[in-house]
Amino acid sequence: MKSQFSVLKNIDKKFILFVSALLLLILSSIGVVSCNMFNEPEGGNGGSLTLTVEDASCTEAWIKLNETNADLPASVKLYANDTLKQTLELTTADTLIYDEGLLPNRAYAYRAELIKPQKPIVKSQTVTVTTMDTTSHDFTWQTFTFGGANGSSILRDVAIINENDIWAVGEIHTSWTDQWDSNGVWVQPYNAVHWNGQEWELRRIDGNGYPRRVVYAFGKNDVWFDGVIKWDGNEYTVHTNNFPLEPNGDGWYRYGMWGTSSSDFYIVGQHGNIAHYDGSGWEKIESGTEVKLRDVWGSSDGSEIYACGYNLGDGFTTFLVINAKDKSIYKLYEGMSDGEIDGHLVNFIAGVYSYGKKVYSMNLTFLYDLRKINPPKIKLIAEWNWAGESINGDGYNDIIISGQGGLLLHYNGISVKKYMEFSDNYLFLYGTDIKDGTAVAVGMDYQGAAADSPAVIYLGRRN
(Lines give C-alpha, C1' and ligand atoms only; values in the text may rest on other atoms or scores of the structure.)
Protein backbone atom coordinates (compact mmCIF):
# COMPACT_ATOMS: atom_id res chain seq x y z
CA MET A 1 0.00 0.00 0.00
CA LYS A 2 1.36 3.33 -1.08
CA SER A 3 1.96 5.92 1.54
CA GLN A 4 -0.08 9.10 1.70
CA PHE A 5 3.07 10.99 0.88
CA SER A 6 3.49 9.06 -2.37
CA VAL A 7 -0.12 9.71 -3.37
CA LEU A 8 0.16 13.41 -2.60
CA LYS A 9 3.42 13.57 -4.52
CA ASN A 10 1.75 12.10 -7.60
CA ILE A 11 -1.20 14.51 -7.26
CA ASP A 12 1.21 17.46 -6.92
CA LYS A 13 2.98 16.45 -10.13
CA LYS A 14 -0.30 16.25 -12.05
CA PHE A 15 -1.44 19.56 -10.57
CA ILE A 16 1.85 21.22 -11.43
CA LEU A 17 1.64 19.94 -15.05
CA PHE A 18 -1.96 21.18 -15.34
CA VAL A 19 -1.12 24.60 -13.93
CA SER A 20 1.93 24.88 -16.16
CA ALA A 21 -0.09 24.06 -19.26
CA LEU A 22 -2.75 26.55 -18.25
CA LEU A 23 -0.17 29.28 -17.68
CA LEU A 24 1.44 28.53 -21.02
CA LEU A 25 -1.92 28.86 -22.77
CA ILE A 26 -2.63 32.16 -21.03
CA LEU A 27 0.81 33.53 -21.85
CA SER A 28 0.41 32.45 -25.49
CA SER A 29 -2.92 34.25 -25.68
CA ILE A 30 -1.40 37.37 -24.21
CA GLY A 31 1.39 37.17 -26.78
CA VAL A 32 -1.11 37.01 -29.66
CA VAL A 33 -3.03 39.97 -28.33
CA SER A 34 0.20 41.89 -27.86
CA CYS A 35 1.22 41.25 -31.48
CA ASN A 36 -2.13 42.48 -32.71
CA MET A 37 -1.96 45.54 -30.50
CA PHE A 38 1.56 46.64 -31.25
CA ASN A 39 2.50 45.11 -34.63
CA GLU A 40 -0.18 46.14 -37.21
CA PRO A 41 -0.10 44.15 -40.45
CA GLU A 42 0.09 45.88 -43.88
CA GLY A 43 -2.99 48.03 -44.28
CA GLY A 44 -3.43 48.21 -40.55
CA ASN A 45 -4.72 51.77 -40.68
CA GLY A 46 -8.13 50.20 -41.27
CA GLY A 47 -8.19 50.91 -44.99
CA SER A 48 -8.42 48.66 -48.04
CA LEU A 49 -7.88 49.47 -51.70
CA THR A 50 -9.61 47.83 -54.69
CA LEU A 51 -9.14 48.41 -58.43
CA THR A 52 -11.79 47.61 -61.05
CA VAL A 53 -11.30 47.88 -64.82
CA GLU A 54 -14.07 50.08 -66.28
CA ASP A 55 -13.10 50.34 -69.95
CA ALA A 56 -10.24 50.65 -72.41
CA SER A 57 -9.72 52.16 -75.85
CA CYS A 58 -6.67 51.78 -78.08
CA THR A 59 -4.62 54.27 -76.09
CA GLU A 60 -6.51 54.80 -72.82
CA ALA A 61 -7.72 52.92 -69.76
CA TRP A 62 -10.37 53.80 -67.18
CA ILE A 63 -9.87 52.22 -63.76
CA LYS A 64 -12.15 52.63 -60.76
CA LEU A 65 -10.39 52.92 -57.40
CA ASN A 66 -12.40 52.14 -54.28
CA GLU A 67 -11.12 52.54 -50.72
CA THR A 68 -12.82 51.64 -47.44
CA ASN A 69 -12.10 52.87 -43.90
CA ALA A 70 -9.04 54.86 -44.86
CA ASP A 71 -8.34 58.23 -43.30
CA LEU A 72 -8.71 60.68 -46.21
CA PRO A 73 -7.26 62.65 -47.86
CA ALA A 74 -4.36 60.43 -48.79
CA SER A 75 -1.89 60.04 -51.64
CA VAL A 76 -2.32 57.20 -54.12
CA LYS A 77 0.35 55.97 -56.49
CA LEU A 78 -0.79 54.12 -59.61
CA TYR A 79 1.62 51.68 -61.27
CA ALA A 80 1.33 50.06 -64.71
CA ASN A 81 3.69 47.14 -65.36
CA ASP A 82 5.60 48.27 -62.23
CA THR A 83 6.16 51.76 -63.66
CA LEU A 84 4.76 54.69 -61.70
CA LYS A 85 2.13 56.36 -63.93
CA GLN A 86 0.33 58.78 -61.64
CA THR A 87 0.34 60.17 -58.12
CA LEU A 88 -2.97 61.67 -57.08
CA GLU A 89 -4.65 63.00 -53.98
CA LEU A 90 -7.53 60.77 -52.95
CA THR A 91 -10.39 62.70 -51.36
CA THR A 92 -13.39 60.42 -51.99
CA ALA A 93 -14.01 56.71 -51.54
CA ASP A 94 -14.65 56.12 -55.27
CA THR A 95 -12.39 57.63 -57.91
CA LEU A 96 -12.28 56.99 -61.67
CA ILE A 97 -8.67 57.11 -62.88
CA TYR A 98 -7.95 57.94 -66.52
CA ASP A 99 -4.65 56.77 -67.98
CA GLU A 100 -3.61 57.72 -71.51
CA GLY A 101 -0.65 57.36 -73.83
CA LEU A 102 -0.93 53.56 -73.97
CA LEU A 103 -0.19 51.35 -76.96
CA PRO A 104 -2.89 49.45 -78.90
CA ASN A 105 -3.44 45.75 -78.24
CA ARG A 106 -1.19 45.65 -75.16
CA ALA A 107 -1.72 44.22 -71.67
CA TYR A 108 -1.04 46.50 -68.69
CA ALA A 109 -0.93 45.24 -65.09
CA TYR A 110 -2.18 47.98 -62.76
CA ARG A 111 -1.76 48.21 -59.00
CA ALA A 112 -2.10 51.07 -56.54
CA GLU A 113 -0.66 52.08 -53.19
CA LEU A 114 -2.36 54.34 -50.64
CA ILE A 115 0.15 56.32 -48.63
CA LYS A 116 -0.54 58.16 -45.37
CA PRO A 117 2.20 59.65 -43.13
CA GLN A 118 3.11 57.40 -40.21
CA LYS A 119 0.73 54.72 -41.45
CA PRO A 120 1.48 51.41 -43.16
CA ILE A 121 1.13 51.42 -46.97
CA VAL A 122 -2.18 50.01 -48.20
CA LYS A 123 -1.78 48.01 -51.42
CA SER A 124 -4.45 47.05 -53.94
CA GLN A 125 -4.68 43.85 -55.87
CA THR A 126 -3.28 43.76 -59.45
CA VAL A 127 -5.71 44.07 -62.37
CA THR A 128 -4.93 43.61 -66.05
CA VAL A 129 -6.14 45.94 -68.80
CA THR A 130 -5.80 44.97 -72.47
CA THR A 131 -6.15 47.92 -74.83
CA MET A 132 -8.16 47.64 -78.03
CA ASP A 133 -6.48 46.95 -81.33
CA THR A 134 -6.84 49.43 -84.17
CA THR A 135 -9.08 48.71 -87.15
CA SER A 136 -7.96 48.70 -90.76
CA HIS A 137 -8.36 51.77 -92.97
CA ASP A 138 -8.43 49.51 -96.01
CA PHE A 139 -11.87 49.38 -97.68
CA THR A 140 -13.01 48.32 -101.12
CA TRP A 141 -15.61 50.82 -102.35
CA GLN A 142 -18.54 50.50 -104.75
CA THR A 143 -20.31 53.50 -106.28
CA PHE A 144 -24.07 53.71 -106.96
CA THR A 145 -26.03 56.61 -108.46
CA PHE A 146 -29.78 57.25 -108.48
CA GLY A 147 -32.04 59.59 -110.43
CA GLY A 148 -30.92 63.09 -111.19
CA ALA A 149 -33.82 64.22 -113.38
CA ASN A 150 -36.17 67.11 -112.68
CA GLY A 151 -33.40 69.17 -111.10
CA SER A 152 -31.51 67.06 -108.60
CA SER A 153 -31.69 63.95 -106.49
CA ILE A 154 -30.19 63.73 -103.03
CA LEU A 155 -29.68 61.28 -100.15
CA ARG A 156 -29.28 62.78 -96.67
CA ASP A 157 -28.98 59.94 -94.17
CA VAL A 158 -28.17 56.24 -93.95
CA ALA A 159 -28.56 53.44 -91.41
CA ILE A 160 -26.78 50.07 -91.51
CA ILE A 161 -28.54 47.10 -89.90
CA ASN A 162 -26.08 44.62 -91.35
CA GLU A 163 -24.10 44.24 -94.56
CA ASN A 164 -27.21 42.97 -96.37
CA ASP A 165 -29.75 45.36 -94.87
CA ILE A 166 -29.14 49.10 -95.34
CA TRP A 167 -31.53 52.06 -95.64
CA ALA A 168 -30.85 55.52 -97.09
CA VAL A 169 -33.32 58.41 -97.36
CA GLY A 170 -33.73 61.62 -99.33
CA GLU A 171 -35.41 62.57 -102.60
CA ILE A 172 -34.89 60.69 -105.86
CA HIS A 173 -36.25 61.68 -109.28
CA THR A 174 -35.68 58.85 -111.74
CA SER A 175 -36.09 60.73 -115.06
CA TRP A 176 -37.95 63.58 -116.65
CA THR A 177 -40.44 61.30 -118.38
CA ASP A 178 -41.00 59.22 -115.24
CA GLN A 179 -42.53 62.22 -113.45
CA TRP A 180 -45.67 62.06 -115.61
CA ASP A 181 -47.66 59.00 -116.63
CA SER A 182 -49.42 58.51 -119.98
CA ASN A 183 -52.46 60.39 -118.68
CA GLY A 184 -50.46 63.44 -117.69
CA VAL A 185 -50.62 62.66 -113.97
CA TRP A 186 -47.51 63.53 -112.01
CA VAL A 187 -45.67 60.54 -110.51
CA GLN A 188 -44.17 61.11 -107.09
CA PRO A 189 -40.42 60.77 -106.61
CA TYR A 190 -38.91 58.12 -104.38
CA ASN A 191 -37.66 59.02 -100.92
CA ALA A 192 -35.61 55.98 -99.90
CA VAL A 193 -33.45 53.16 -101.17
CA HIS A 194 -32.94 49.78 -99.49
CA TRP A 195 -29.96 47.45 -99.92
CA ASN A 196 -30.87 43.75 -99.77
CA GLY A 197 -27.35 42.41 -100.18
CA GLN A 198 -27.57 42.27 -103.96
CA GLU A 199 -29.09 45.54 -105.14
CA TRP A 200 -30.63 48.84 -104.11
CA GLU A 201 -34.43 48.95 -104.26
CA LEU A 202 -36.21 52.28 -104.72
CA ARG A 203 -38.85 52.87 -102.02
CA ARG A 204 -41.60 55.33 -101.12
CA ILE A 205 -41.84 55.58 -97.35
CA ASP A 206 -45.45 55.37 -96.16
CA GLY A 207 -46.60 55.15 -99.77
CA ASN A 208 -45.64 58.68 -100.79
CA GLY A 209 -42.62 60.48 -102.15
CA TYR A 210 -42.40 63.26 -99.55
CA PRO A 211 -38.66 63.94 -99.03
CA ARG A 212 -37.19 62.26 -95.94
CA ARG A 213 -34.14 63.47 -93.99
CA VAL A 214 -33.57 61.00 -91.15
CA VAL A 215 -33.42 57.22 -90.82
CA TYR A 216 -32.53 55.31 -87.64
CA ALA A 217 -32.62 51.55 -87.15
CA PHE A 218 -33.01 49.67 -83.86
CA GLY A 219 -33.25 46.38 -85.75
CA LYS A 220 -34.30 44.72 -88.99
CA ASN A 221 -38.00 45.14 -88.24
CA ASP A 222 -37.69 48.34 -86.22
CA VAL A 223 -36.64 51.15 -88.59
CA TRP A 224 -37.77 54.76 -88.12
CA PHE A 225 -37.99 57.58 -90.66
CA ASP A 226 -38.06 61.23 -89.58
CA GLY A 227 -38.85 60.00 -86.07
CA VAL A 228 -42.56 59.35 -86.66
CA ILE A 229 -42.80 56.58 -89.28
CA LYS A 230 -41.92 53.00 -88.32
CA TRP A 231 -41.14 50.09 -90.63
CA ASP A 232 -41.82 46.75 -88.90
CA GLY A 233 -40.68 44.57 -91.79
CA ASN A 234 -44.13 44.39 -93.37
CA GLU A 235 -45.71 47.83 -93.23
CA TYR A 236 -45.26 51.46 -92.29
CA THR A 237 -47.11 52.96 -89.33
CA VAL A 238 -47.25 56.63 -88.37
CA HIS A 239 -46.65 57.55 -84.72
CA THR A 240 -47.31 61.27 -84.51
CA ASN A 241 -49.35 60.78 -81.29
CA ASN A 242 -49.60 64.52 -80.61
CA PHE A 243 -46.11 65.18 -81.92
CA PRO A 244 -45.45 68.58 -80.33
CA LEU A 245 -43.33 70.10 -83.08
CA GLU A 246 -45.54 69.65 -86.12
CA PRO A 247 -47.26 71.51 -87.55
CA ASN A 248 -45.95 74.74 -86.09
CA GLY A 249 -46.04 77.03 -89.06
CA ASP A 250 -42.30 77.12 -89.72
CA GLY A 251 -41.87 74.01 -91.87
CA TRP A 252 -39.96 72.31 -89.08
CA TYR A 253 -37.25 69.99 -90.37
CA ARG A 254 -35.80 67.06 -88.46
CA TYR A 255 -32.05 66.59 -88.75
CA GLY A 256 -30.98 63.96 -86.23
CA MET A 257 -32.32 61.01 -84.25
CA TRP A 258 -30.87 58.77 -81.52
CA GLY A 259 -32.26 56.45 -78.89
CA THR A 260 -31.81 53.31 -76.81
CA SER A 261 -34.96 51.66 -78.23
CA SER A 262 -38.14 52.43 -80.15
CA SER A 263 -39.74 53.37 -76.83
CA ASP A 264 -36.97 55.80 -75.84
CA PHE A 265 -35.58 58.09 -78.53
CA TYR A 266 -34.95 61.74 -79.32
CA ILE A 267 -35.23 63.79 -82.48
CA VAL A 268 -33.83 67.29 -83.10
CA GLY A 269 -34.27 69.99 -85.71
CA GLN A 270 -34.38 73.66 -86.53
CA HIS A 271 -35.14 76.47 -84.07
CA GLY A 272 -33.69 74.42 -81.21
CA ASN A 273 -36.50 71.87 -81.40
CA ILE A 274 -36.09 68.66 -79.38
CA ALA A 275 -38.73 65.96 -78.88
CA HIS A 276 -38.67 62.68 -76.92
CA TYR A 277 -40.76 59.57 -77.68
CA ASP A 278 -41.47 57.04 -74.90
CA GLY A 279 -43.25 54.40 -76.98
CA SER A 280 -46.72 55.80 -76.47
CA GLY A 281 -46.45 59.55 -76.91
CA TRP A 282 -44.26 62.58 -77.43
CA GLU A 283 -42.84 65.17 -75.09
CA LYS A 284 -41.35 68.49 -76.15
CA ILE A 285 -38.08 69.39 -74.42
CA GLU A 286 -37.45 73.09 -73.98
CA SER A 287 -33.91 73.53 -75.26
CA GLY A 288 -33.44 77.19 -74.39
CA THR A 289 -31.89 77.87 -77.78
CA GLU A 290 -32.98 78.95 -81.27
CA VAL A 291 -29.92 77.40 -82.91
CA LYS A 292 -30.61 74.82 -85.62
CA LEU A 293 -29.85 71.44 -84.01
CA ARG A 294 -28.24 69.25 -86.63
CA ASP A 295 -27.30 66.12 -84.69
CA VAL A 296 -28.02 64.16 -81.51
CA TRP A 297 -26.43 61.19 -79.75
CA GLY A 298 -26.47 59.70 -76.27
CA SER A 299 -24.17 58.11 -73.71
CA SER A 300 -23.88 54.33 -73.71
CA ASP A 301 -26.16 54.02 -70.68
CA GLY A 302 -28.65 56.56 -72.06
CA SER A 303 -28.33 58.85 -69.03
CA GLU A 304 -27.05 61.83 -71.03
CA ILE A 305 -28.06 63.09 -74.47
CA TYR A 306 -25.85 65.39 -76.56
CA ALA A 307 -27.31 67.74 -79.18
CA CYS A 308 -25.44 70.24 -81.32
CA GLY A 309 -25.82 72.55 -84.26
CA TYR A 310 -25.26 75.99 -85.74
CA ASN A 311 -26.81 78.87 -87.68
CA LEU A 312 -24.85 80.01 -90.71
CA GLY A 313 -26.72 83.33 -90.74
CA ASP A 314 -25.70 84.71 -87.33
CA GLY A 315 -22.64 82.53 -86.72
CA PHE A 316 -24.04 81.00 -83.53
CA THR A 317 -23.30 77.41 -82.53
CA THR A 318 -24.25 75.27 -79.54
CA PHE A 319 -23.56 72.01 -77.73
CA LEU A 320 -26.24 70.85 -75.27
CA VAL A 321 -26.13 68.13 -72.61
CA ILE A 322 -29.58 66.78 -71.70
CA ASN A 323 -30.22 64.87 -68.47
CA ALA A 324 -32.40 61.96 -69.60
CA LYS A 325 -34.02 61.58 -66.17
CA ASP A 326 -35.42 65.06 -65.62
CA LYS A 327 -34.86 66.50 -69.13
CA SER A 328 -32.86 69.42 -67.75
CA ILE A 329 -30.31 70.97 -70.11
CA TYR A 330 -26.76 72.17 -69.57
CA LYS A 331 -25.17 74.30 -72.29
CA LEU A 332 -21.61 73.16 -72.65
CA TYR A 333 -21.19 75.92 -75.21
CA GLU A 334 -23.39 78.46 -76.94
CA GLY A 335 -22.00 81.48 -78.68
CA MET A 336 -20.13 82.62 -81.75
CA SER A 337 -18.29 80.03 -83.79
CA ASP A 338 -15.00 81.91 -83.36
CA GLY A 339 -15.01 81.29 -79.60
CA GLU A 340 -12.86 78.76 -77.73
CA ILE A 341 -13.31 75.70 -75.54
CA ASP A 342 -10.31 74.63 -73.48
CA GLY A 343 -8.06 76.73 -75.72
CA HIS A 344 -9.39 75.23 -78.98
CA LEU A 345 -11.39 77.01 -81.69
CA VAL A 346 -15.07 76.06 -81.49
CA ASN A 347 -15.97 76.54 -85.16
CA PHE A 348 -19.48 75.42 -86.21
CA ILE A 349 -20.42 72.29 -84.23
CA ALA A 350 -22.02 70.02 -86.82
CA GLY A 351 -22.09 66.49 -85.37
CA VAL A 352 -21.67 64.36 -82.26
CA TYR A 353 -20.94 60.68 -81.56
CA SER A 354 -20.55 58.99 -78.19
CA TYR A 355 -19.24 55.60 -77.17
CA GLY A 356 -18.28 54.24 -73.75
CA LYS A 357 -16.41 56.90 -71.79
CA LYS A 358 -15.98 59.28 -74.71
CA VAL A 359 -17.90 61.97 -76.56
CA TYR A 360 -16.67 63.05 -80.00
CA SER A 361 -17.55 66.49 -81.35
CA MET A 362 -17.32 67.04 -85.10
CA ASN A 363 -16.97 70.68 -86.03
CA LEU A 364 -16.92 71.77 -89.65
CA THR A 365 -13.17 71.26 -89.89
CA PHE A 366 -12.18 69.51 -86.64
CA LEU A 367 -12.77 66.25 -84.80
CA TYR A 368 -12.52 66.73 -81.03
CA ASP A 369 -12.40 64.23 -78.19
CA LEU A 370 -14.48 65.70 -75.34
CA ARG A 371 -12.74 63.91 -72.47
CA LYS A 372 -14.74 65.77 -69.84
CA ILE A 373 -18.18 67.22 -70.42
CA ASN A 374 -18.33 69.51 -67.39
CA PRO A 375 -15.99 71.32 -67.30
CA PRO A 376 -15.09 70.75 -70.95
CA LYS A 377 -11.66 69.29 -71.66
CA ILE A 378 -10.98 68.51 -75.29
CA LYS A 379 -8.28 66.97 -77.45
CA LEU A 380 -7.82 67.50 -81.19
CA ILE A 381 -7.92 64.24 -83.17
CA ALA A 382 -8.06 65.42 -86.79
CA GLU A 383 -8.65 68.45 -89.00
CA TRP A 384 -9.49 69.00 -92.66
CA ASN A 385 -10.37 71.75 -95.13
CA TRP A 386 -13.93 70.97 -96.28
CA ALA A 387 -17.08 71.23 -94.17
CA GLY A 388 -17.96 68.08 -92.25
CA GLU A 389 -21.60 67.01 -92.43
CA SER A 390 -21.90 63.67 -90.61
CA ILE A 391 -20.14 61.51 -88.01
CA ASN A 392 -20.92 57.95 -86.96
CA GLY A 393 -19.05 55.09 -85.37
CA ASP A 394 -18.82 51.49 -84.27
CA GLY A 395 -16.71 51.93 -81.15
CA TYR A 396 -13.60 53.83 -80.05
CA ASN A 397 -11.62 52.46 -82.98
CA ASP A 398 -14.03 52.68 -85.93
CA ILE A 399 -15.33 56.20 -86.63
CA ILE A 400 -16.27 57.64 -90.00
CA ILE A 401 -16.84 61.26 -91.10
CA SER A 402 -18.25 62.60 -94.35
CA GLY A 403 -18.86 66.05 -95.76
CA GLN A 404 -18.59 68.50 -98.59
CA GLY A 405 -15.95 68.31 -101.31
CA GLY A 406 -16.11 64.50 -101.16
CA LEU A 407 -14.79 64.51 -97.60
CA LEU A 408 -14.55 60.95 -96.28
CA LEU A 409 -12.37 60.14 -93.24
CA HIS A 410 -11.83 57.07 -91.08
CA TYR A 411 -10.43 57.10 -87.53
CA ASN A 412 -9.14 53.72 -86.31
CA GLY A 413 -8.50 54.65 -82.69
CA ILE A 414 -5.03 56.07 -83.22
CA SER A 415 -4.73 57.45 -86.78
CA VAL A 416 -6.91 59.09 -89.44
CA LYS A 417 -7.09 58.30 -93.14
CA LYS A 418 -8.69 60.56 -95.74
CA TYR A 419 -9.93 58.75 -98.85
CA MET A 420 -8.57 61.06 -101.52
CA GLU A 421 -10.32 59.18 -104.36
CA PHE A 422 -13.58 60.90 -103.39
CA SER A 423 -12.20 64.45 -103.33
CA ASP A 424 -14.39 66.52 -105.65
CA ASN A 425 -15.50 70.12 -105.18
CA TYR A 426 -19.02 69.18 -106.33
CA LEU A 427 -19.50 66.02 -104.30
CA PHE A 428 -21.55 66.43 -101.12
CA LEU A 429 -21.72 63.53 -98.65
CA TYR A 430 -24.43 64.38 -96.12
CA GLY A 431 -24.80 61.11 -94.22
CA THR A 432 -22.60 58.22 -93.15
CA ASP A 433 -22.64 55.04 -91.08
CA ILE A 434 -20.28 52.18 -90.22
CA LYS A 435 -20.94 48.78 -88.68
CA ASP A 436 -19.13 45.42 -88.54
CA GLY A 437 -16.69 46.35 -91.31
CA THR A 438 -19.28 47.89 -93.63
CA ALA A 439 -19.17 51.64 -94.28
CA VAL A 440 -21.60 53.80 -96.26
CA ALA A 441 -21.59 57.46 -97.29
CA VAL A 442 -24.54 59.09 -99.11
CA GLY A 443 -25.18 62.44 -100.75
CA MET A 444 -25.30 64.02 -104.18
CA ASP A 445 -23.02 64.70 -107.13
CA TYR A 446 -23.85 68.29 -107.97
CA GLN A 447 -23.77 68.94 -111.70
CA GLY A 448 -24.85 72.57 -111.63
CA ALA A 449 -28.09 74.47 -111.11
CA ALA A 450 -29.45 73.69 -114.56
CA ALA A 451 -28.19 70.11 -114.71
CA ASP A 452 -29.53 66.77 -113.52
CA SER A 453 -27.58 65.92 -110.36
CA PRO A 454 -27.77 62.30 -109.19
CA ALA A 455 -27.88 60.99 -105.63
CA VAL A 456 -24.82 58.89 -104.77
CA ILE A 457 -23.95 56.04 -102.43
CA TYR A 458 -20.45 54.79 -101.65
CA LEU A 459 -20.57 51.32 -100.12
CA GLY A 460 -17.32 50.14 -98.54
CA ARG A 461 -16.30 46.75 -97.19
CA ARG A 462 -13.22 46.35 -95.04
CA ASN A 463 -10.61 44.13 -96.66
Side-chain angles (χ1 to χ4, degrees), residues 40-136 299-304 342 353-360 367-381 393-399 411-416:
E40 277 192 332
E42 193 170 66
N45 61 352
S48 66
L49 206 58
T50 303
L51 298 183
T52 305
V53 177
E54 290 272 307
D55 208 353
S57 68
C58 295
T59 60
E60 299 137 318
W62 291 266
I63 301 168
K64 185 178 181 180
L65 187 152
N66 175 264
E67 66 78 26
T68 57
N69 302 322
D71 183 16
L72 301 180
S75 293
V76 170
K77 290 185 176 182
L78 181 71
Y79 295 85
N81 294 344
D82 293 325
T83 298
L84 179 63
K85 295 298 296 288
Q86 296 183 35
T87 299
L88 60 149
E89 190 76 2
L90 190 65
T91 58
T92 59
D94 293 312
T95 302
L96 186 62
I97 300 175
Y98 168 72
D99 190 26
E100 62 180 333
L102 308 179
L103 296 175
N105 196 26
R106 296 288 182 91
Y108 293 86
Y110 284 92
R111 61 182 176 86
E113 295 180 351
L114 187 146
I115 302 170
K116 190 77 176 177
Q118 300 179 343
K119 293 283 188 178
I121 295 175
V122 180
K123 295 182 179 180
S124 75
Q125 87 283 25
T126 299
V127 296
T128 300
V129 176
T130 300
T131 54
M132 298 177 70
D133 201 357
T134 58
T135 56
S136 173
S299 60
S300 295
D301 61 3
S303 63
E304 286 188 335
D342 190 33
Y353 169 69
S354 178
Y355 180 85
K357 302 290 184 182
K358 284 179 172 289
V359 179
Y360 300 90
L367 174 61
Y368 287 138
D369 168 5
L370 283 166
R371 287 180 288 173
K372 294 180 181 177
I373 292 300
N374 185 16
K377 181 73 175 176
I378 68 176
K379 177 182 178 181
L380 178 65
I381 295 177
D394 195 22
Y396 294 123
N397 60 349
D398 218 3
I399 297 174
Y411 175 60
N412 71 355
I414 195 169
S415 65
V416 175

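These numbers come from the heavy atoms of this one structure, side chains and all, not from hydrogens, waters or symmetry mates.
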Peer 1: Verify, without hydrogens or angle tests, whether D301 (side chain) and S303 (backbone) share a donor-acceptor contact under 3.5 angstrom.
Peer 2: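 A pair under 3.5 Å: yes.
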Peer 1: Check T128 against V53 and note the closest heavy-atom contact, atom names and distance.
Peer 2: O-CG2, 3.8 Å
Peer 1: Under 4.0 Å between a side-chain nitrogen and a carboxylate oxygen: does that hold for K358 and E60?
Peer 2: yes
Peer 1: Any chance you could measure T59, atom OG1, to R106, atom CZ, to the nearest 0.5 Å?
Peer 2: 13.0 Å
Peer 1: Got a second to check how far C58's SG is from D133's CG, nearest 0.5 Å?
Peer 2: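 If I round to the nearest 0.5 Å, the distance is 7.0 Å.
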Peer 1: Test your reading of the model: is there a side-chain donor-acceptor pair from Y368 to the backbone of L370, 3.5 Å cut-off?
Peer 2: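 A pair under 3.5 Å: no.
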Peer 1: Are L51 and K64 side-chain neighbours, meaning at least one heavy-atom pair lies under 4.5 Å?
Peer 2: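 A side-chain contact under 4.5 Å is absent here.
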Peer 1: Is the closest side-chain heavy-atom distance between Y411 and D398 below 4.5 Å?
Peer 2: no
Peer 1: Is there side-chain contact between Q125 and T50, with heavy atoms separated by less than 4.5 Å?
Peer 2: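 Yes; the side chains approach each other to less than 4.5 Å.
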Peer 1: We want to know whether T68 and S48 form a side-chain donor-acceptor pair, criterion being a heavy-atom distance below 3.5 angstrom.
Peer 2: yes
Peer 1: Do D94 and N66 get their side chains close enough for a donor-acceptor pair, meaning under 3.5 Å?
Peer 2: yes
Peer 1: Using every non-hydrogen atom in the two residues, find where S300 and G356 come nearest and quote the distance to one decimal.
Peer 2: OG-N, 2.8 Å
Peer 1: Is K85 paired with D99 through a side-chain N to carboxylate O contact shorter than 4.0 Å?
Peer 2: yes
Peer 1: Enter the distance from T52:OG1 to L96:CG here, rounded to the nearest 0.5 Å.
Peer 2: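 Rounded to the nearest 0.5 Å, the OG1-CG separation comes out at 10.5 Å.
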Peer 1: Side chain of N81, backbone of A109: donor and acceptor closer than 3.5 Å?
Peer 2: yes
Peer 1: Run the side chain to side chain contact (heavy atoms under 4.5 Å, CB included) test on L90 and T95 for me, step by step, so that the C-alpha distance in whole Å, both residues' side-chain angles and the decisive distance to 0.1 Å come before the verdict.
Peer 2: CA-CA 8 Å; L90 190 65; T95 302; 3.1 Å; yes
Peer 1: Hey, does V76 have a side-chain heavy atom less than 4.5 Å from the side chain of L65?
Peer 2: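 L65 reaches V76 side chain to side chain.
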Peer 1: Go through the structure and list residues passing ring-ring contact (aromatic ring centres under 6.0 Å, His included) with Y396, not counting sequence neighbours.
Peer 2: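 With sequence neighbours excluded, Y396 shows a ring-ring contact (aromatic ring centres under 6.0 Å, His included) to W62, Y355, given in chain and number order.
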Peer 1: Could you state the interatomic distance from CD1 (I399) to OG1 (T135), rounded to the nearest 0.5 Å?
Peer 2: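 Reported value, rounded in 0.5 Å steps: 9.0 Å.
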Peer 1: So, taking the atom named CD in Q86 and the one named CD1 in I63, what distance separates them when rounded to the nearest 0.5 Å?
Peer 2: 8.5 Å
Peer 1: Between the side chain of S354 and the main-chain N/O of V359, is any donor-acceptor distance below 3.5 Å?
Peer 2: no
Peer 1: Would you call E89 and S75 a side-chain contact if the rule is heavy atoms closer than 4.5 Å?
Peer 2: yes
Peer 1: Could you grab the distance from atom CG of L78 to atom OH of Y98, nearest 0.5 Å is fine?
Peer 2: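 Reported to 0.5 Å precision, the distance equals 14.0 Å.
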Peer 1: Atom NZ of residue position K77 - does it have more than 12 heavy atoms of other residues, nucleotides or ligands inside 6.0 Å?
Peer 2: no
Peer 1: Under the rule for side chain to side chain contact (heavy atoms under 4.5 Å, CB included), what residues qualify as partners of A74, not counting sequence neighbours?
Peer 2: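 A74: side chain to side chain contact (heavy atoms under 4.5 Å, CB included) contacts with L72, L114, K116.
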Peer 1: Before giving the answer on side chain to side chain contact (heavy atoms under 4.5 Å, CB included), spell out for T131 and Y108 the whole-Å C-alpha distance, their side-chain angles and the decisive distance to 0.1 Å.
Peer 2: CA-CA 8 Å; T131 54; Y108 293 86; 4.1 Å; yes
Peer 1: Run the side chain to side chain contact (heavy atoms under 4.5 Å, CB included) check on I378 and D342 step by step: do they pass?
Peer 2: CA-CA 6 Å; I378 68 176; D342 190 33; 4.1 Å; yes
Peer 1: Looking at D82 and R111, does any basic side-chain N land under 4.0 Å from a carboxylate oxygen?
Peer 2: yes
Peer 1: For the pair I381 and D369, evaluate side chain to side chain contact (heavy atoms under 4.5 Å, CB included) and give the outcome as yes or no after the intermediate values.
Peer 2: CA-CA 7 Å; I381 295 177; D369 168 5; 3.7 Å; yes
Peer 1: I'd like to check L102 versus E100 (side-chain heavy atoms, cut-off strictly below 4.5 Å). Are they in contact?
Peer 2: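 With C-beta onward as the side chain, the pair stays apart.
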